[in-house]
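To start, the structure itself, in structure tokens.
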Amino acid sequence: MSDKKRLFLVDAYALIFRGYYAFIKNPRINSKGEDTSAIMGFMNSLLDVIKRERPDHLAVCFDKGGSADRVEIFEAYKANRDETPEGIKTAIPHICNILEAMHIPIMVKEGYEADDVIGTLAKKAEKEGYTTFMVTPDKDFAQLVSENIFMYRPVFGGGYETWGIPEVLKKFEVTDPLQVIDFLGMMGDASDNIPGLPGVGEKTAKKFLAQFGSMEGLLANTDQLKGKMKEKVEANGELGLLSKKLATIMLDVPVEFNAKDFEMSEPDVPKVTEIFQELEFRRLIDNFTKTFAVQQTTPGEVTNKASEVTKTKETPKEVKSAGAGQFSLFGAEPSSAEVSTENTLERKTIENTSHFYQSVAPGIATKLFVKNLMHQTSVCFDTETTGLNPLTAELVGIAFSWEVGKGFYLPFSEKKEEAQELIEQLRPFFESETIEKVGQNLKYDIKVLAKYNIEVKGPLFDTMLAHYLINPDMRHNMDVLAETYLNYTPVSIETLIGKKGKNQLSMRHVSLEKQTEYAVEDADITLQLKKLFQNELGEANTQTLFDDIEIPLLRVLAAMELEGINLDEKFLNSLSEQLNTDISNLEKSIYEAAGEEFNIASPKQLGDILFDKMKLVDKPKKTKTGQYATGEEILSYLAKDHEIIQQILDYRGLSKLKSTYVDALPNQVESSTKRVHTDYMQTVAATGRLSSNNPNLQNIPIRTERGRQVRKAFVPRNEDYILLAADYSQIELRIIAALSKEETMISAFKNGEDIHASTASKVFNVPIAEVTREQRSNAKTVNFGIIYGVSAFGLSNQTNLSRSESKELIDTYYETYPKLRKFMSEQVDFARDNGYVQTVLGRRRYLKDINSRNAVVRGAAERNAVNAPIQGSAADIIKIAMINIYKKLQANNYKTKMLLQVHDELVFDVYKPELDAIKDLVKTEMEHAYKLEVPLDVEIDTGLNWLEAH
DNA sequence: AATTGCGCATA
DNA sequence: GTATGCGCAATTG
């Protein structure tokens, strides 16, 4: 297969548009003021394809009229965009010139779209034994895919994916690539100006295709539809057929495929270089010369390499065995040019895998089971409950497994006493200090069992946490892990209890056999995953991080979540009423100014009123979905000119406050405890931070006076208690100072200086006492910006400084703190060499895009390389503090409880008699959680509510 | 009834 | 410029 001739047909406009918009936020402007984004984007793609694939035959296809001097843009592109951007119009002649100089054939046919030209050529080439790759991101082309015709599709973030027949069938849920035409005809495609059937989107189109097979099939059988949908389809039959026609790529364009005309030949290097120089493409010249130099000097080697690449793509099975092996955690995956391997190897399921899953009857059988259980050294268990809220969920059963493929299930009675009786029999197991308990998301099981007064003791192994450390960027739910690492698809909970929402059953109502299968399978799989992950953890410091941080923290978080926090609902209700009056007053004056009533909260309606009706701006900005942009930034800019804008901003602020916090929080009070129990997610933030949800207590307002009031609603449990908040002061800056060993900054911290004032004093060269508010504020912005990877552009947006002043400030900043800059570039270098960066405790973050050829993507990865160790180290440190504080609170039998964590802050419900001791304990543990060359400083405050405690 | 995009709250 | 979660409107089910 690999010695077949390969033809690459490039869809020029699609790639030009793509290239242009890739740079839209940061357009390439050369010294002559030309916007060269589109040329740059297109050439990068083209060279990338040539470098990767070394095609022997290649052509670039344009819509009608592709010569250098007279180019028209096909209507379809105009239709749904305001106007072809200037930057694209001007790019076309340049691109044609470059292609000519590169001796790459340009294909155009008057009156035909590039799609049609490519389609016709691909089919003709196929007859002559060629394998064709259509280089385009446009999914319409999927209809042309055959055994010898592939889509070669650039993917976001660099790299390509190849779509052959299996990928297309899977992607569009069809049985023949030709049905893609019907699919697009039904669904419509805004970017290609295909109207589609009204009311039909992706889901409905797939449903119809599965049911009727084609547009014609649908239209002939509308009697099988009902309601509104029936009316709509029947009324729009013609539109449907037209849409299908529009979506069809024509295969009868009068062009010939003469292989010779498509052969790659040597480019006119001096000419191309000259054009690039004129356009001021320095890096592209390098790229270009390298690309072609290799091809000329070692053709043999390259050809081999190229055919290998193709081979793996065309025979996905080999990817499976050679590439990311199913049992290796990180195959050195060719993240680009990857082919989906679904469908190729049949997934294992409970149906085709031998297993021994058994339920255990009450009485003597259970006694024998427990006896056996107590002899094990490591057991995986999984609780099944009536719901997802551990505070209200009842145990339905518990599954156990300690041998792969084998396990037991203990059903629990609905009757409270009987359930408690059974759990008591299991108490020795759960409270055993020696038997290791394995589970997936043990925090949940621990919380459930805590409600039965069972404390899970002894060593723990949580597969979800293990995988979080092994690959924090992935998702960690069991189904994904089973499919990724065991090639096994577990019984889905939905097949047992139905889709969530309407009439979802409880686990209680599932037959015992099904319960057993489902539950034991989970335990079995978790055990298998544990065996895999156990070995992977051994690498690096990950094991320590697992044993000493994440696992102990799991118990701490379970305790905090069970504890909850007291909420003053009355206070929130009165706040809500105050907001109501203010909001309706604003509403009135906005309607008055607008001359009509509308939904101010709807960005669409608001945009129409502001820009269509009131015409406040000449050329309003639009969002990518075609609406007028009404974001904070844009409105703030207009606020000074129109009174209504400020009112809208105020309205937005207040309604946001009311709906998100003031009205939402009381609904989150758990009725059984009368308290708010957030859920800390230990495995979602790629940097190692926690996240909080249901409700999110990590984003309670503080910046504005009005918003801050919400914090008054968080109160101690009763009058014997007081809230205490402990904040790390500038922990991220201290970390970057320590890690970079930047003495100037370190000594500022050591001397207890105000770091932002200190920075201002140094970069503005004034005595620290004479630093102005503005100087300090700007210095503060840079200090924070450094942590996120500043650009002059970003800085000038956030300050009153111009772009050049910002650049100057950043330069001076780096001169003041030279080692900071060195540290930052070392992080990037480390990431380039190793593919990851790490925190002080060795928590890794993998940055696959660090070597991306796409500057935007690569830039983001580079900022991550700097930010992740900082943010992550701070997360590590507060986690240590939490574990140590929790231990001490327990050891001393304090009544004081730790309630909340907000990234650099801990909140406690302090029993008043313990206050002095707790203040001391918390401060000490937090400040000494981890030894850095910079002292850590913790500020502590107490109060009758969370606002006062700040 | 579920999904998507926007806008916005925190560190 | 980093890291999150959530409410609303709009869209499609």
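The chains referred to below are lettered A, B, ... by the order of the sequence lines, with proteins before strands, and numbering in each begins at 1.
- For A/Tyr788 and A/Phe784, the gap between ring centers reaches or exceeds 6.0 Å.
- Distance CG (A/Asn667) to C1' (C/dC6): 14 Å, rounded to an integer number of Å.
- At a threshold of 4.0 angstrom between heavy atoms, the contacts of A/Ala686 are confined to the sugar-phosphate backbone, with no base atom among them.
- OP1 and OP2 of C/dA3 both lie 4.0 Å or more from every side-chain N or O belonging to A/Thr687.
- Paired with A/Leu906 under the rule side chain to side chain contact (heavy atoms under 4.5 Å, CB included), one option of A/Leu900, A/Ile885, A/Asp727 passes, and it is A/Ile885.
- Taking the side chain of A/Arg863 as heavy atoms from C-beta on, and the options C/dG1, C/dA9, B/dG7, the nearest nucleotide is C/dG1.
- Rounded to whole angstrom, the span from the CG atom of A/Asn867 across to the P atom of C/dT4 amounts to 10 Å.
- A donor N or O paired with an acceptor N or O is found under 3.5 Å between the base of B/dA11 and the side-chain atoms of A/Arg689.
- One finds no side-chain N or O of A/Asn696 lying less than 4.0 angstrom from the OP1 or OP2 phosphate oxygen of B/dA9.
- The closest side-chain donor-acceptor pair between A/Gln871 and A/His903, if any, does not fall under 3.5 angstrom.
- Residue A/Tyr661 places its side chain closer to B/dA9 than to any other of C/dG5, C/dA3, B/dA9.
- Atom CZ in A/Arg652 sits roughly 12 Å away from atom C1' in C/dA9 (whole-Å rounding).
- Of the listed nucleotides (C/dG1, C/dG5, B/dA11), C/dG1 has the atom at the smallest distance from the side chain of A/Thr781.
- Here B/dC8 presents its P atom at 14 Å from CD1 of A/Ile600, a figure rounded to the nearest Å.
- A/Leu657 comes within contact range of no nucleotide atom at all, as no heavy-atom separation falls under 4.0 Å.
- In the set C/dA9, B/dA11, C/dG7, C/dA9 carries the atom at the smallest distance from any side-chain atom of A/Asn599.
- Taking 4.0 angstrom as the limit, A/Arg703 places a side-chain polar atom (N or O) nearer than this to OP1 or OP2 of B/dT10.
- Interface remark: the A/Gln698 side chain does not form any donor-acceptor pair with the B/dT10 base, using a distance-only criterion of under 3.5 Å.
- Using modelled atom types and a 3.5 Å distance limit, the side chains of A/Tyr813 and A/Asn783 yield a donor-acceptor pair.
- Within the 4.0 angstrom heavy-atom criterion, only backbone atoms of the sugar-phosphate kind lie near A/Ile702; the bases stay farther away.
- Looking at the side chain of A/Thr660, the nearest of the listed nucleotides C/dT4, C/dG7, C/dT2 is C/dG7.
- For A/Val684, the listed nucleotide lying nearest its side chain is C/dG5; candidates were C/dG5, C/dG1, B/dA11.
- In this structure, A/Leu665 places its CG atom 17 Å from P of C/dG5, rounding to the nearest Å.
- Remark: the A/Thr759 side chain and the A/Tyr817 side chain contain an N/O donor-acceptor pair separated by less than 3.5 Å.
- Between the NE2 atom of A/His950 and the P atom of B/dT10 there is a distance of 11 Å, given to the nearest Å.
- The CZ-C1' distance, from A/Phe714 to B/dT10, rounds to 12 Å in whole Å.
- Nucleotides of DNA chain C nearest to A/Gln605 and A/Tyr788 differ in position, and the one nearer the 5' end is that of A/Tyr788.
- Atom CZ in A/Arg706 sits about 14 Å away from atom P in B/dA9, given to the nearest Å.
- One side chain, A/Ser576 or A/Lys658, offers a donor N or O that lies under 3.5 Å from an acceptor on the other.
- Distances from the side chain of A/Arg845 to the nucleotides C/dG1, C/dA3, B/dT10 place C/dA3 closest.
- Side-chain proximity of A/Lys656 to C/dT2, B/dA11, B/dA9: nearest is B/dA9.
- Applying the 4.0 Å criterion to OP1 and OP2 of C/dA3, one finds that A/Asn864 has a side-chain N or O inside that range.
- Nucleic acid contact class of A/Ser692 (heavy atoms, under 4.0 Å, all strands): sugar-phosphate only.
- Side chains of A/Glu550 and A/Gln682: a donor-acceptor N/O pair is present below 3.5 angstrom, by distance only.
- For A/Gln871, the listed nucleotide lying nearest its side chain is C/dT2; candidates were C/dT2, B/dA9, B/dA11.
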